[in-house]
2 protein chains.
Amino acid sequence: MAQVIQDQPAEHAVGDLTDELTAYMERKGLRSTSQRRLVSEVFFSAEGHYSIDEVLAMARAKDPKVGYATVYRTMKLLVACGLANERQFGDTVTRFEIARHDSHHDHLICIECKRIVEFEDDEIEAQQEALAKRYGFRLVSHKHELYGVCPACRDK
Amino acid sequence: MAQVIQDQPAEHAVGDLTDELTAYMERKGLRSTSQRRLVSEVFFSAEGHYSIDEVLAMARAKDPKVGYATVYRTMKLLVACGLANERQFGDTVTRFEIARHDSHHDHLICIECKRIVEFEDDEIEAQQEALAKRYGFRLVSHKHELYGVCPACRDK
DNA sequence: TCGCAAGTGAAAATCGATTTCAACAAGGAT
DNA sequence: ATCCTTGTTGAAATCGATTTTCACTTGCGA
């Protein structure tokens, strides 16, 4: 059965994510710079699905000197260490979301107001597996996005 | 239950598609040019998922003078009149496929050889509807792509 | 056939993602 | 604490794909 997940998912312990990042950087011999700390902090704190530009804006609110390339590279770093996922919804911009190791989720997107709701449905997941197997494929990943009009926009 | 669809789907009557296109252009006051006839013909004849460059190559085989922009605009025209769908699989290039009004299908993509298999699964479709409804969304469209390794590539 | 609005194609512009490179700074060695 | 090596930063350049521009061409109705 599908399990309802909040629009704004349960808060993550920013500290835990930061610790994981720090451990990863240490393991890889990467340096803990003020920019990386700033960018990861604003991204971990502001839960949602953000583009590079949006993360840049959040970071610049605290330090106007950070550059686009730094945010770009830091987000790639977060993806590389498994703390963020890269997504493209309909439009062309790439968005990032905090990765949760425990559960996989997909997205329901309002084509009017662009609101993004996350959902998890074990039955659909199981059927995907069955389907891939039927074609002899070893399933590695998937992209499942539902586009529609949300309740708030329907009533307008 | 899922229904198996051929890798290369059943042949379309190119004439029917052409007729639909002609009717659309007439309705909209658009002109039937030799380029539009050429591009739509090669696209309708060669079933599959093609990028602009691939359609351009097919068109140039018959008339080396056609330009990229013309193919680009013609493909957009086909999308506008509902005869083609625009898709992006993993990579950055946009691909086009013939739109079939009767049935909806999704894609199973081999991450090794890039082979694209189409599938149709009524159960998953129904579950998507149920899920959208549960969130109060009116479902408009969806994107469902499964990425994995196909049988041929598994054995290599 | 004529006139002109729509269409074509080469090239330029745009757009987002990615890389370059000189200046900078983290952090281990001294 | 200072030095030195090497990874990091940020502005700008580049890249690859898409989209637009504009002078020229062509379909097609009068």
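Letters go in sequence order (proteins before strands), and every chain restarts at 1.
Relative to the side chain of B:Arg31, the nucleotides C:dG9, D:dT26, C:dT18 differ in distance, and D:dT26 lies closest. Relative to the side chain of A:Thr33, the nucleotides C:dT8, D:dT8, D:dT26 differ in distance, and D:dT8 lies closest. Comparing atom distances between the B:Arg36 side chain and each of C:dT8, C:dG16, D:dT9 picks out C:dT8 as nearest. Side-chain proximity of B:Thr92 to C:dG9, C:dA6, D:dA17: nearest is D:dA17. Side chain of A:Tyr68, nearest nucleotide from C:dA10, C:dA17, D:dT9: C:dA17.
Whole-Å rounding puts the B:Tyr50 OH to D:dT18 C1' distance at 22 Å. Atom CG in A:Leu56 sits roughly 10 Å away from atom P in D:dG10 (whole-Å rounding). Per the geometry, CG belonging to A:Asp53 stands 8 Å off P belonging to C:dG16, to the nearest Å. Across the protein-nucleic acid pair, A:Met25 atom CE and D:dT6 atom P stand 20 Å apart, rounded to whole Å. The nearest whole Å value for the distance from the OH atom in B:Tyr72 to the C1' atom in C:dT14 is 11 Å. We find that CG of A:Leu30 is positioned 10 Å from P of D:dT9, with the value rounded to whole Å. Between the CD atom of B:Glu26 and the P atom of C:dA6 there is a distance of 16 Å, given to the nearest Å. Following rounding to the nearest Å, B:Leu78 (CG) and C:dG7 (P) show an atom-to-atom distance of 14 Å.
Within 4.0 Å of B:Ser34, counting heavy atoms only, lies no atom of the nucleic acid at all. Contact annotation for B:Arg73: base contact, defined as any heavy-atom pair under 4.0 Å involving a base atom. Looking at heavy-atom distances under 4.0 Å, A:Lys28 makes no contact with the nucleic acid at all. Among the protein residues, B:Ser51 comes within range of no part of the nucleic acid, since none of its heavy atoms lies under 4.0 Å from any strand.
Looking at A:Glu112 and A:Arg154, no side-chain N of the basic residue comes within less than 4.0 Å of a carboxylate O on the acidic one, giving no salt bridge.
Contact annotation: B:Lys76 reaches the phosphate of D:dT19 (side-chain N/O to OP1 or OP2, under 4.0 Å). OP1 or OP2 of D:dT8 has not a single side-chain nitrogen or oxygen of A:Gln35 nearer than 4.0 Å. Regarding contacts with the backbone of C:dG16, every side-chain N or O of A:Thr94 stays at 4.0 angstrom or more from both OP1 and OP2.
The nearest pair of heavy atoms linking B:Leu77 to B:Met25 is CD2-SD, 4.1 Å.
Between the side chains of B:His144 and B:Glu125, not a single donor N or O lies within less than 3.5 Å of an accepting N or O. Between the side chains of A:His107 and A:Glu145, no donor-acceptor pair of N or O atoms lies under 3.5 Å.
A residue-by-residue look at A:Arg60 and B:Ile52 shows that A:Arg60 has its nearest nucleotide of DNA chain D further toward the 5' end. Comparing B:Ala69 and B:Val93 along DNA chain D, the residue whose closest nucleotide (by nearest heavy atom) sits nearer the 5' end is B:Val93.
Enclosure of atom CZ in B:Arg138 is not indicated, since only 12 or fewer non-hydrogen atoms of other residues, nucleotides or ligands lie within 6.0 angstrom.
In terms of modelled atom types and a separation under 3.5 Å, the side chain of B:Thr70 and the main chain of B:Val66 share no donor-acceptor contact.
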